[in-house]
Amino acid sequence: MPFQPLGYPFEVHSVMATADAKAAIRRKKKSLLAGEDGPRGWIVGPVMCLWRTALSSHGPMVFAWISREGEGTRIIGRAGSDLNGIVGLLLLTPAMMLLMSLALLQGQATTGLILLYGGLLLVGFPLTLWMAHKDRREADPLVNFIRRTIQPAARSPSKRAAAVRPPTAKLILDGASKGYVSEAELHESLWSLGQGEFLILERALESYMQVLVEEDSFILEKREGSSKRHFRAELQRTELEASPLLDASTARLVTLMTDYFHGRSTANDLKWERRNP
């Protein structure tokens, strides 16, 4: 696995004309003043910047270049946990080292103080880069948002989606209840999950399926009426840069949760293990 403190590269292709693709992203993203987290940002000419957090433009972020590709559109960019913060760190660190050296040469700082700051820098700088690499997949929901917005066929409803009667299931997202949701709302929530977030889909009392997003996997649990019918499984997450058209593991998670939403059994090779009550 390459070391990627500046995020991972991604590429998205669409049959949409470039102007239509930009308009779709602008229409679907949240406004800058929206109170809840979600894709927001700006597009100026061919340059696009998106982030997830409501209060600031720090955290998971995407920088991308939008260009014409034949009659369609090509978007290339990088996605990471805090791209602007890491770029700022890379630019400021050499300047800080130079200032410390000058202060030492001019007698404006003691050797001990310089060694203290230098030691903190030598430890903090690589640690910050490592954390940025480790958390780079926090930006996956932003890349998924771009793909779902300009590749509508990738999320077309399944032929099995129609149910005899509308299903009822409650959704809890990161501890906040969303109440009863539709299949479309479930899909939107699943594709928007970021690293460290969790979702619970509850069909009845003591009957639910939940997923926790970790760095390299989805941790799934389902409960079927009692603690004796409580199971756990793990679904490995695919690297988005290795799947240019669609995040295969998230698509599989969506199918699995949709089947549960409709009360259907689904054939899959997940190994469900009973949890001890």
For Gln236, look at atom CD and say whether over 12 heavy atoms of other residues, nucleotides or ligands are found less than 6.0 Å away. yes
Could you tell me whether the side chain of Arg40 and the main chain of Gly38 form a donor-acceptor pair under 3.5 Å? yes
Determine yes or no for a side-chain-to-main-chain donor-acceptor pair under 3.5 angstrom, with Gln151 supplying the side chain and Arg148 the backbone. no
Can you say whether the rings of His133 and Trp130 are parallel (under 30°), tilted (30 to 60°) or perpendicular (over 60°)? tilted
Take atom CZ in Arg26; do more than 12 heavy atoms of anything else shown fall under 6.0 Å from it? yes
Non-neighbouring partners of Glu202 that pass side-chain hydrogen bond (donor to acceptor under 3.5 Å, both in side chains), sequence neighbours left out: none
side-chain hydrogen bond (donor to acceptor under 3.5 Å, both in side chains), paired with Thr258, selected from Glu183, Arg264, His187: His187
Backbone of Met16 reached by a side-chain donor or acceptor of Ser14 within 3.5 Å: yes
Would you say the side-chain atoms of Thr18 pair up with the backbone N or O of Thr73, donor to acceptor, closer than 3.5 Å? no
Please state whether the rings of Tyr208 and His230 are parallel, tilted or perpendicular, taking 30° and 60° as the class boundaries. perpendicular
Going by heavy atoms in the side chains, are Phe3 and Leu129 under 4.5 Å from each other? yes
Answer yes or no: is there a donor N or O on one side and an acceptor on the other, between the side chain of Asp174 and the main chain of Glu197, under 3.5 Å? no
Can any side-chain N or O of Arg137 pair as donor or acceptor with the backbone N or O of Asp216 at less than 3.5 Å? no
Would you find a donor on one side and an acceptor on the other, under 3.5 Å apart, between the side chain of Arg147 and the backbone of His13? no
